[in-house]
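This report concerns only the one structure given below.
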Amino acid sequence: MLFYYCSILGWFEVHPLEIFFQGYGGLLNAAILVVGMVHQYHRTQKEKDKIAQEQINTEREILKHSIQAQETERHRIAKDLHDDLGGNLALIKLKMELFADKHLGNADKAEFGDLVSMMEDSCKDLRYISYELMPSDFSSKVLRTMIEELVEKINAQKKLRFSYVTGDFPSLDMDVKINLFRIIKELTNNILKHSQATQAKIKIELDESSKELKLVVEDNGKGIPKEILDGKVTGM
């Protein structure tokens, strides 16, 4: 049709049945077909990428709601432990002390004092568990300060030397801050329990190119046993 159009305009005389023009017509048709196929491929690929991204976003939302539900449950359990069970244990301890003062002699008080001491230790353990479930400083402190205090507590034991590097990054949402700190604490606990390391490091910084917050926790310990890496040992 292009050649007929050129002929009508008088640009040159067209003989569409000649081999020369048939060849050009075939090449033109092939080019149009290739362009159409490439366009369709890119369109299909974009649709696939869009579906994949929507699936990723859906999975992230599900994970976010799951984590929020876990944190809500942690808060409820921590409150119940602290307010109900903690209060009952404190009351029992007080009544035990009053009972000892009224009804026991000095000889029996010493032995009874061991029970009171055990009860006091139980109250401390309960307060610690309640705090671990939902620390009050999650809402008042920035992540950098929480990491610094954690490292100071670990280094005070003088068994392992921890260092940390925290770059500049914007203020974090509560759920992001909570989960990052829980991840860091779980990793540091594993290092203390299993690694036999003498040095370890926490590094958290914002990647300017990808705008992602990156966390690295490393140590010079013995590493993960080969049988675990090979899948021969299972566990949590």
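For the atom pair NZ (Lys193) and OG1 (Thr188), the distance works out to 10.0 Å, reported to the nearest 0.5 Å. In this structure, the separation between CG on Leu150 and CD1 on Ile184 is 8.0 Å, given to the nearest 0.5 Å. Atom CD of Gln55 sits about 9.5 Å away from atom CD1 of Ile51, to the nearest 0.5 Å. Taking CD1 of Ile147 as the start and CG of Leu215 as the end, the distance is 7.5 Å to the nearest 0.5 Å. Distance check, rounded to the nearest 0.5 Å: CG of Asp219 to CD of Gln199 gives 10.5 Å. Between atom NZ of residue Lys64 and atom CG of residue Asp173 there is a gap of 7.0 Å, rounded to the nearest 0.5 Å.
The number of heavy atoms from other shown groups lying within 6.0 Å of CZ (Arg76) is above 12. Dense packing is recorded around CG of Leu94, with more than 12 heavy atoms of other residues, nucleotides or ligands lying under 6.0 Å away.
Applying the salt bridge (charged side-chain N to carboxylate O under 4.0 Å, His left out) test to Lys102 and every residue at least two apart in sequence or in another chain returns nothing.
Summarising the geometry of Leu160 relative to Ala197, their closest heavy-atom pair is CD1-O, 3.4 Å, with the distance given to 0.1 Å. Of all heavy-atom pairs between Met119 and Met96, the closest is CE-SD, 4.1 Å. Heavy atoms only, all atoms of each residue included: Cys123 and Ala90 are closest at SG-N, 4.1 Å.
The cationic group of Arg144 does not satisfy the cation-pi geometry with Tyr164, failing either the under 6.0 Å distance to the six-membered ring centre or the 45° limit from the ring axis.
The shortest distance between side-chain heavy atoms of Arg161 and Asn155 falls below 4.5 Å. Looking at Arg182 and Gln70, their side chains never come closer than 4.5 Å, going by heavy atoms from C-beta outward. The side-chain heavy atoms of Ile202 and Leu187, taken from C-beta on, include no pair separated by under 4.5 Å.
Ile92 and Phe112 end up in the same hydrophobic cluster when Ile, Leu, Val, Met, Phe, Trp and Tyr side chains are linked at under 4.5 Å. Leu115 is connected to Leu89 through a chain of hydrophobic side-chain contacts under 4.5 Å among Ile, Leu, Val, Met, Phe, Trp and Tyr, so both are in one cluster. Hydrophobic cluster membership is shared by Met146 and Val176, with clusters built from Ile, Leu, Val, Met, Phe, Trp and Tyr side chains linked at under 4.5 angstrom.
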Begin with the C-alpha distance, continue with both residues' side-chain angles, and end with the deciding distance and a verdict on salt bridge (Lys or Arg N to Asp or Glu O under 4.0 Å) for Glu47 and Lys50. CA-CA 5 Å; Glu47 291 178 353; Lys50 182 179 178 181; over 6 Å; no
Go through Ile191 and Ile154 one step at a time and tell me if the side-chain contact (heavy atoms from CB on, under 4.5 Å) criterion holds. CA-CA 11 Å; Ile191 291 173; Ile154 295 174; over 6 Å; no
Between Glu97 and Lys93, does the salt bridge (Lys or Arg N to Asp or Glu O under 4.0 Å) criterion hold? Intermediate values first, please. CA-CA 6 Å; Glu97 291 172 340; Lys93 176 177 172 290; 3.0 Å; yes
Test side-chain contact (heavy atoms from CB on, under 4.5 Å) on Ile183 and Val217 and set out the steps. CA-CA 10 Å; Ile183 291 169; Val217 180; over 6 Å; no
What's the verdict on side-chain contact (heavy atoms from CB on, under 4.5 Å) for Asp168 and Leu206, showing C-alpha distance, side-chain angles and the deciding distance? CA-CA 7 Å; Asp168 294 328; Leu206 181 67; over 6 Å; no
Applying side-chain hydrogen bond (donor to acceptor under 3.5 Å, both in side chains) to Gln53 and Asn57, what does each step give before you reach the verdict? CA-CA 6 Å; Gln53 187 60 47; Asn57 293 338; 3.1 Å; yes
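Remark: the backbone N or O of Glu54 is paired with a side-chain donor or acceptor of Thr58 at under 3.5 angstrom. Side-chain atoms of Ser130 never come within 3.5 Å of backbone atoms of Leu126 as a donor-acceptor pair (strictly under, hydrogens ignored). At least one donor-acceptor pair closer than 3.5 Å links the side chain of Lys177 to the backbone N or O of Lys141. Asp207 places no side-chain N or O within donor-acceptor distance of the main-chain N or O of Glu212, the cut-off being under 3.5 Å. A donor-acceptor pair under 3.5 Å is absent between the side-chain atoms of Ser66 and the main chain of Ile62, judged by distance alone.
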